[in-house]
Amino acid sequence: MRFVAMKLHTKEQAPKEGGRETPAEAKPMAQWQPTTEGYLNFLVQSKLVYETMEEIVTNEELAIYKDFQNTGLERSAALEKDIAWFKETQGLEPKEIAPDSAAAEYSTLLKQLAKEDPPAFICHFYNTYFAHSAGGRMIGKKMSEMLLDGETLEFYQWEGELSELLEAVRAKLNTTAEGWTREQKDVCLEETEKAFQYSGQVMRTLFSAE
Ligand code: HEM
């Protein structure tokens with residue numbers, strides 16, 4: 001899964017492993033002009049995605065999801081605190097999530113896949129949590145410098161050593177995938193492109209305050 005995901009990065013995003021040329025219309029990170037409202041909106045949208053993931057692994061009956069409960073990577077509670085922090089310190093209210101927003105559409109898709117196609121759901125699960133630990137943290141650092149006077153949000157803080165949490169989940173993902181047929185493995189790998197598409201759309205809310 002990691003190999004496929006890395007190839008879908010642009011060379012600018014991940015210079016060592018990225019396989020795609022950076023599209024001409026993409027702004028280099030150095031030229032990003034985010035706003036605090038846009039960043040808050042991105043956090044609100046992200047919270048819906050993480051809440052959906054976390055509800056699925058907690059509530060779905062399928063045994064496959066049990067291994068992914070309480071991994072320590074959960075982000076929805078942290079995001080809730082961050083959203084409250086924006087209200088307290090900056091007087092910014094979170095915007096309602098529109099039903100046609102990127103996160104709402106992603107949430108619907110995740111719920112559907114969780115029931116109908118667990119290997120595809122697992123691909124989204126991996127990409128979401130691992131992307132946040134890599135590129136997500138790079139974005140967070142940049143936003144913190146540009147917009148928040150260096151404040152580190154809870155979204156970017158984990159209890160315990162992040163690398164150990166990630167490796168424990170990676171081991172469980174590998175064990176889970178070992179039980180899959182070749183077709184199921186392929187479904188999971190092929191889903192990576194969609195994970196990039198939806199996460200990319202949620203990421204773009206950084207630049208819109210709608
Ligand atoms: C601005 C956008 C992004 C940047 C700058 C970025 C950057 C990076 C970098 C530098 C790594 C390598 C980390 C390492 O191993 O040292 C990485 C890993 C990764 N990224 Fe991204 N990324 C971005 C967007 C995304 C998106 C949209 C996804 C998919 C949802 C994604 C999924 C992943 C995954 C799955 C890994 C591998 C983590 C692992 O298994 O260790 N990234 N990213």
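Order of listing sets the numbers, starting from 1, for every ligand and every atom in it.
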Ignoring hydrogens, just give me the one of M1, H124, R2 whose non-hydrogen atom is nearest atom 16 (O) of ligand 1. R2
Atom 33 (C) of ligand 1: which protein heavy atom is closest, and how many Å away? H9 CE1, 3.4 Å
Minimum-distance protein heavy atom relative to atom 30 (C) of ligand 1: S199 OG, 3.2 Å
Under 3.5 Å donor-acceptor, Y129 side chain and H124 backbone: no
Short question: side chain of Q69, backbone of Y65 - any donor-acceptor pair under 3.5 Å? no
At under 4.0 Å between heavy atoms, is it the side chain or the backbone of R170 that contacts ligand 1, or both, or neither? side chain
Closest protein heavy atom (residue, atom, distance) for atom 35 (C) of ligand 1: N127 OD1, 3.3 Å
Identify the closest protein heavy atom to atom 40 (O) of ligand 1: which residue and atom is it, and at what distance? Y126 OH, 2.5 Å
Output yes when R20 and E193 qualify as a salt bridge under the 4.0 Å nitrogen-oxygen rule, no when they do not. yes
Quick one: does any side-chain atom of R75 pair with a main-chain N or O of E154 as donor and acceptor, under 3.5 Å? yes
I'd like to know if the side chain of E151 and the backbone of S144 have a donor-acceptor N/O pair within less than 3.5 Å. no
Just to confirm my output: which protein heavy-atom neighbour is closest to atom 17 (C) of ligand 1, and how far is it? A134 CB, 3.4 Å
Mind telling me whether Y39 and F42 have parallel, tilted or perpendicular rings, with 30° and 60° as the class edges? parallel
Using heavy-atom distances only, which candidate in E193, M6, K194 approaches atom 12 (C) of ligand 1 most closely? M6
If hydrogens are left out, which of Q13, E17, K16 has an atom nearest to atom 5 (C) of ligand 1, that is, the closest non-hydrogen atom? Q13
Quick check: Y50 with F155 (ring centres under 6.0 Å apart)? yes
Out of curiosity, L173 CG to M1 CE, how far, rounded to the nearest 0.5 Å? 4.5 Å
When you look for heavy atoms under 4.0 Å from ligand 1, do you find them on the side chain of A5, its backbone, both, or neither? side chain
Which protein non-hydrogen atom lies closest to atom 1 (C) of ligand 1, naming both residue and atom, and how far is it? M203 CE, 3.7 Å
Any side-chain donor-acceptor pair under 3.5 Å between S76 and E54? yes
From atom 29 (C) of ligand 1, work out which of F196, Y198, W32 has a heavy atom at the shortest distance. F196
What protein heavy atom sits nearest atom 9 (C) of ligand 1, and how far away is it? A14 CB, 3.9 Å
For atom 32 (C) of ligand 1, find the nearest protein heavy atom and state the residue, atom name and distance (0.1 Å precision). A131 CB, 3.3 Å
